[in-house]
Amino acid sequence: MEARTDAAGNGTAPTASGRYERHPHLYLEHEGGTTVLLAERTLFKVHEYFLKRHSIVFASMFTLRPGDTPLEGQSDDLPILLPDVSAVDFARFLFLFYPRNIVTGDLTTLDEWTSVLRIAHRYEFEAYVKLAVERIDKLASPVERILLARRYDIPAWLEQAYFALCVREASLTLDEGTHLGMEDVILISDLRQRIRGPQGRFAFAEQHVRWTIRSCLHTPSPS
């Protein structure tokens, strides 16, 4: 059988049945205490310990396994299914536990850390949600932070992102407006007008601007 590649461009090893492909780095074939998981057509075999310790969802999943039926996760033919999970996203998340680059880690881009946030949020890896938020905060633009904040319920990002868009000299670009949608475009345009004087220049103290933004977003003041 010819070698294949997964969605991330890595070579994958075919299974005996040929139904799925084993991830080349995240299928620990001869390790004990592991479980087999399937995302899209890619099999992962990793230590159950990490999943149970850090994820509320996986901890419940492993605790509630029935005793009289074949256990999912014990073989390639009966893996734990991860519906609607991208193999690329799951691999990026697992590289936090199994880094190929010990010194700097494997994840550096916004897209990679967004994958981590997506998996951590879905399976309630609370510590890793916080980690992803910290990393993304340094990588994402204000518009990207607004979109991610809405999608993954991160209200702390909204005020600062709106503030950055409101006080900058340049108005929203067409691309930014397209991504944000009409409601946000109108809101940001209204806020920019409120905080500017007759000459169109920033005219209020930062505290007042932030209060105005919180009022429009109906968010509480930071403690």
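Keep in mind it's a predicted model, so treat the numbers as computed, not measured.
Considering all non-hydrogen atoms of both residues, Leu110 and Leu139 come closest at N-CD1, 3.8 Å. Nearest heavy atoms, Ala39 versus Val85: CB-O, 3.7 Å. Counting all heavy atoms, side chain and backbone alike, Ile146 lies closest to Ala161 at CG1-CB, 3.5 Å. Contact record, Leu158 with Ala149: CD2-CB, 3.8 Å, taken as the closest heavy-atom pair. The minimum heavy-atom distance between Leu37 and Pro79, with the atom names listed, is C-CB, 4.2 Å.
Judged by distance alone, the side chain of Glu112 and the main-chain N or O of Thr109 form a donor-acceptor pair under 3.5 Å. For the pair Arg19 (side chain) and Arg41 (backbone), a donor-acceptor distance under 3.5 Å is absent. Between the side chain of Glu144 and the main chain of Ser141, a donor-acceptor pair closer than 3.5 Å is present.
Using modelled atom types and a 3.5 Å distance limit, the side chains of Asn101 and Thr104 yield a donor-acceptor pair. For Tyr20 and Asp77, the side-chain atoms include no donor-acceptor pair closer than 3.5 Å. Side-chain atoms of Gln160 and Arg145 form no donor-acceptor pair, as typed in the model, at a separation below 3.5 Å. Defined by atom type and a distance below 3.5 Å, a donor-acceptor pair is missing between the side-chain atoms of Thr34 and Glu31.
Across Val133, Ile136, Asp137, Thr108, a single residue satisfies side-chain contact (heavy atoms from CB on, under 4.5 Å) together with Trp113, and that is Ile136.
The shortest side-chain heavy-atom distance between Arg122 and Asp84 falls under the 4.5 Å cut-off. A heavy-atom distance below 4.5 Å is found between the side chains of His25 and Phe95. Considering only heavy atoms from C-beta on, Phe163 comes within 4.5 Å of Glu206 through its side chain. For the pair Trp211/Ser215, a side-chain contact is recorded, criterion being any heavy-atom separation below 4.5 Å from C-beta on.
Within the model, atoms CZ of Phe93 and CG of Leu107 stand 10.5 Å from one another, a figure rounded to the nearest 0.5 Å. Considering SG of Cys216 and CG of Leu187, their distance stands at 5.5 Å, rounded to 0.5 Å. Within the model, atoms NZ of Lys52 and NE2 of His47 stand 12.0 Å from one another, a figure rounded to the nearest 0.5 Å. For the atom pair CD1 of Ile188 and SG of Cys166, the computed distance is 6.0 Å after rounding to the nearest 0.5 Å. Rounded to the nearest 0.5 Å, atoms CG (Leu38) and CD (Glu72) are 10.5 Å apart. The CG atom of Leu28 sits 11.5 Å away from the OG1 atom of Thr35 when rounded to the nearest 0.5 Å.
Taking the six-membered ring wherever Trp is involved, the centroid distance between the rings of Phe44 and Tyr27 does not fall below 6.0 Å. Taking the ring centroids of Tyr98 and Phe50, they lie under the 6.0 Å cut-off. Note: His54 and Phe125 fail the aromatic proximity criterion, with ring centroids not under 6.0 Å apart.
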**OP:** Begin from the C-alpha positions of Arg150 and Asp184 and carry the test side chain to side chain contact (heavy atoms under 4.5 Å, CB included) through to its verdict.
**Re:** CA-CA 12 Å; Arg150 294 261 170 78; Asp184 272 321; 2.7 Å; yes

Subject >> Criterion side chain to side chain contact (heavy atoms under 4.5 Å, CB included) on Ile80 and Phe62, from CA distance to verdict >> reply: CA-CA 10 Å; Ile80 293 173; Phe62 291 129; 3.5 Å; yes

Subject >> Full working for side chain to side chain contact (heavy atoms under 4.5 Å, CB included) between Leu147 and Leu180 >> reply: CA-CA 7 Å; Leu147 296 174; Leu180 285 170; 4.3 Å; yes

Subject >> Residues Ile56, Tyr123; criterion side chain to side chain contact (heavy atoms under 4.5 Å, CB included); working and verdict >> reply: CA-CA 7 Å; Ile56 296 172; Tyr123 291 105; over 6 Å; no

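Taking the six-membered ring where tryptophan is involved, the planes of Phe97 and Tyr128 are perpendicular, since the angle between them exceeds 60° and thus also 30°.
Contact check on Glu126 versus Lys130 returns no salt bridge, with no Lys/Arg side-chain nitrogen under 4.0 Å from an Asp/Glu carboxylate oxygen. Salt bridge absent: Asp106 and Arg92 never bring a charged side-chain N and a carboxylate O closer than 4.0 Å. Salt bridge present: Arg214 and Glu159 bring a charged side-chain N and a carboxylate O closer than 4.0 Å. Under a 4.0 Å N-O distance rule, the pair Arg22/Glu29 qualifies as a salt bridge.
Linking Ile, Leu, Val, Met, Phe, Trp and Tyr residues whenever their side-chain heavy atoms come within less than 4.5 Å leaves Ile186 and Ile195 in two separate clusters. In the hydrophobic clustering of ILVMFWY residues, with side-chain heavy atoms under 4.5 Å counting as a link, Tyr49 and Leu96 come out together.
Around CZ of Arg168, the count of heavy atoms belonging to other residues, nucleotides or ligands within 6.0 Å exceeds 12.
Remark: Arg118 engages Asp89 in a salt bridge (charged side-chain N to carboxylate O under 4.0 Å, His left out) (not counting sequence neighbours).
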